[in-house]
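First the proteins, then the strands, lettered A, B, ... as listed; each starts at 1. The figures here come from the full heavy-atom set of this structure, side chains too, leaving out hydrogens, waters and symmetry mates.
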Amino acid sequence: MNLFKQRVADLVQSALANMGAGEDAVGPVLELVEIPPDEKLGDFAVPCFAFARTLRRSPVQIAEEIVAQADRPPWLTHIKAVKGYVNVKLHRGHVAQHVLGDILRAGEAYGSREPNGRTVVIDYSSPNIAKPFSLGHIRSTVIGESLARIFAHQGYRVVRINHLGDWGTQFGRVIGGYVRWADHDRLEKEPIKELFRLYVKFHEEAEKDPALEDEARDWFRRMEEGDPVALALWRRFRELSLLELERTYARLGIRFDDYTGESAYNDVSDIIEKLRALGLLKESQGAQVVELGDDIPPCLITKSDGTTLYATRDIAAAIRRQEQYNFDLAFYVVDSRQSLHFKQVFGVLERMGYEWASGMEHIPFGTLQFGDEIMSTRKGNVIFLEDVLNEAVTRVKQIIAERNPSLKNADEVAEAVGVGAVIFNDLVHNRIKDISFQWEDVLNFDGDTGPYVQYTHARACSVLRRADEQGARPMSDGFDRLEWEDSEMRLVRLLGRFGETVDAAAKGREPSTVARYVLDLAQAFNGFYHSNRILGSERQAERLALTDAVRQVLANGLRLLAMEAPPEM
RNA sequence: GCGCCUAUAGCUCAGAGGAUAGAGCGCCGGCCUCCGGAGCCGGGUGCGCAGGUUCGAUUCCUGCUAGGCGCACCA
């Protein structure tokens, strides 16, 4: 639809020029073009209030003059001045031909852009290993993956990075717990759960006996110094955890390109040397810091005991990523509570003189809350992602058994729909808002949910399948020669907005824009479906084409959300 | 104390300066021997408060109120 939007802008622009108001006087019209609130008014509208000052006439008059001055090209059927707006209706056949033709031609690539030669590296998910993958991690994981798909669709080369939390004092605690209380049988059978138990127990005991924290710090110091005993334990924990993690990612349809974790950056002496050489490093209370001006607190580079901090490793990681991938943009899909941390990291990189630091961006998201409490791994107050996925899949299986017992691949479909429900429930929310996790929301599949969208897609597939069985063929060309009805055009217009929806999602780094769009499209199609006959109608061929276009765009949208689109469910 | 984020319908949330502010959940009432009822249609009280910018503010700015979060050796 951008094509038509541009045409409308050009039309009005040249009408204004005829009236003696060139672009230098009134500015670009394109930015003003909008979609009227009521479709009866037209496809596009240009408000004329902004021209009133320079033209020294009322908006109502200006709109009328524009209408009088404007050309009447064949793609336009109606141009009218209403209360200071210029309202334009497009030739329905031209629009349908443009939109449906594009969808048919592009298929999976509909709504995408040509490769732009730019690279974006996206750091997301990045769980602490040796802790279970809790529900708290799902936001970063699904938002990051969706952004990866959206940016790939926008023509970027995307590098998916999982910056594993495989280093740090939490391993000191796990080792501390391991040497005291390990259940070796259980460690073999349920490694993650056992390691987690040790971690939680250690944390609880340390609240009673603060000396334990010193012991944990000591274990971590030994790791950093290369102590073979500490490292062997650490390596085992890491391997066990990674196996579990990869199984979960497989369920979510995610494959990372780079699993370089924090442990790769435990030697940051070169960074520290560079900071010192640049004169950025200052000593403060025994620690080394970089000062960042009056607005934000200094960034801590090393602790007083000489060990490194998260920020230091993030700085090292950023430099390595730039060297390895030569990125234009680097996203960090991380909890909004860490925004100060990223300001500090980016600030240090800028002060180090790295121009590419301007392409670094923290993509914050709100906290997932459970009831009134924030989920805290330390307190053991967590819900495991696997449990949520399993509950959702079980619920889907029940529904399939009730309503579609003859479905083939029922288990596979239940997995796609159950997992999709969980993903969608997260992505449909604006990412910056806090989400309160409710079982009844995740396990409800009516209304604005993933299964609703998938169901609509399956329904469209079902219609097309039946048509095929009857030998009915969708129309494939010549859409411009038809008279299109209101209800059909409503769908065509919506289909035509998919590309700009993906643009907006990319620009705002906001997957929920796509989630909202697929809901709108599903809703519009279901409305159409219930009030219009497709098969057996006089308009069967064009409505089948419309159905196929809806199927395609829903599938494309779901894919950008990292969801499956099963043809039956 | 300083800083960041949030405030829209009973609840969960859309609305990135424009014409009567929209969905879903829940509640009530409907849906054709026919393409999938995880569906469709109907029913409504709302932009936290006060200023400002603008032809026009739910949207931008300032202040206030309320909630959440962060602020040196955790990540």
Side-chain angles (χ1 to χ4, degrees), chain A residues 32 34 36-38 41 45 47-50 52-53 58-59 82-85 87 126 128 165 167-170 217 262 284-289 295-305 307-311 313-314 334-341 343 364 366-367 369 374 378 396 399-400 402-404 417 421 428-430 432-436 438 440-441 444-456 458-467 470 504 507-508 510 512-513 515-516 519-520 522-523 526-537 540 543 547 568-569:
Chain A
L32 295 172
E34 58 189 48
D38 182 344
L41 293 168
C48 299
F49 310 102
R53 179 159 298 177
S58 77
V82 181
K83 295 195 294 185
Y85 290 85
N87 292 336
S126 306
N128 287 324
W167 202 251
T169 50
Q170 80 268 21
R217 268 193 285 276
E262 290 178 21
S284 172
Q285 299 166 32
Q288 300 290 323
V289 307
D295 294 335
I296 51 175
C299 182
L300 227 67
I301 301 295
T302 63
K303 305 187 223 170
S304 43
D305 67 2
T307 57
T308 62
L309 282 137
Y310 182 42
R313 294 193 286 270
D314 262 352
V334 180
D335 192 317
S336 62
R337 287 176 295 185
Q338 294 191 39
S339 48
L340 176 58
H341 162 76
K343 272 184 196 159
T367 315
Q369 307 198 148
I374 293 169
R378 285 189 195 186
V396 173
I399 295 175
I400 290 174
E402 286 164 21
R403 305 182 201 182
N404 197 358
V417 175
V428 75
H429 295 96
N430 200 313
I432 201 66
K433 302 265 181 99
D434 290 346
I435 295 185
S436 107
Q438 304 285 355
E440 58 263 42
D441 287 347
N444 170 34
F445 305 147
D446 298 331
D448 284 355
T449 66
Y452 171 80
V453 179
Q454 289 171 316
Y455 176 82
T456 309
R459 168 183 263 170
C461 288
S462 170
V463 174
L464 293 162
R465 198 164 46 240
R466 278 176 179 272
Q470 297 170 14
K507 195 175 170 205
E510 184 61 89
S512 68
T513 305
R516 293 278 159 198
L519 277 176
D520 284 349
Q523 234 168 43
N526 282 323
F528 177 81
Y529 176 90
H530 277 277
S531 49
N532 297 90
R533 190 69 207 170
I534 299 169
L535 291 176
S537 136
Q540 174 172 280
R543 287 181 177 174
T547 302
E568 293 180 72
M569 61 187 269

Establish, with yes or no, whether the OP1 or OP2 oxygen of [N] is under 4.0 angstrom from a side-chain nitrogen or oxygen of [X].
{"X": "A:Arg459", "N": "B:rG39", "value": "no"}
{"X": "A:Tyr452", "N": "B:rC40", "value": "yes"}
{"X": "A:Lys433", "N": "B:rA14", "value": "yes"}
{"X": "A:Asn430", "N": "B:rA14", "value": "yes"}
{"X": "A:Arg466", "N": "B:rG36", "value": "yes"}
{"X": "A:Tyr310", "N": "B:rA75", "value": "no"}
{"X": "A:Lys343", "N": "B:rG70", "value": "no"}

Within the 4.0 Å heavy-atom criterion, would you say [X] contacts the bases, only the backbone, or no part of the nucleic acid?
{"X": "A:Ile400", "result": "base"}
{"X": "A:Ala45", "result": "base"}
{"X": "A:Leu300", "result": "base"}
{"X": "A:Ala287", "result": "base"}
{"X": "A:Ser336", "result": "nothing"}

Nearest whole Å is fine: how far is [N] [atom2] from [X] [atom1]?
{"X": "A:Glu510", "N": "B:rA16", "atom1": "CD", "atom2": "C1'", "value": "11 Å"}
{"X": "A:Phe49", "N": "B:rA19", "atom1": "CZ", "atom2": "C1'", "value": "7 Å"}
{"X": "A:Ile432", "N": "B:rU59", "atom1": "CD1", "atom2": "P", "value": "19 Å"}
{"X": "A:Asp448", "N": "B:rA9", "atom1": "CG", "atom2": "P", "value": "16 Å"}

Check every atom of [options] against the side chain of [X] and return the nucleotide holding the closest atom.
{"X": "A:Tyr529", "options": "B:rG37, B:rA72, B:rA19", "value": "B:rG37"}
{"X": "A:Pro297", "options": "B:rC71, B:rA38, B:rC13", "value": "B:rC71"}
{"X": "A:Met569", "options": "B:rC34, B:rG24, B:rA38", "value": "B:rA38"}
{"X": "A:Asp446", "options": "B:rG36, B:rG39, B:rA19", "value": "B:rG39"}

Take atom [atom1] in [N] and the same atom in [M], then report the distance between them in whole Å.
{"N": "B:rG26", "M": "B:rG10", "atom1": "C1'", "answer": "9 Å"}
{"N": "B:rA7", "M": "B:rU45", "atom1": "P", "answer": "24 Å"}
{"N": "B:rU58", "M": "B:rU8", "atom1": "C1'", "answer": "7 Å"}

Return yes if the base of [N] and the side-chain atoms of [X] contain a donor-acceptor N/O pair under 3.5 Å, otherwise no.
{"X": "A:Arg337", "N": "B:rC5", "result": "no"}
{"X": "A:Asp314", "N": "B:rA75", "result": "no"}
{"X": "A:Thr449", "N": "B:rA38", "result": "no"}

Between A:Thr456 and A:Tyr529, is any pair of side-chain heavy atoms under 4.5 Å apart? no

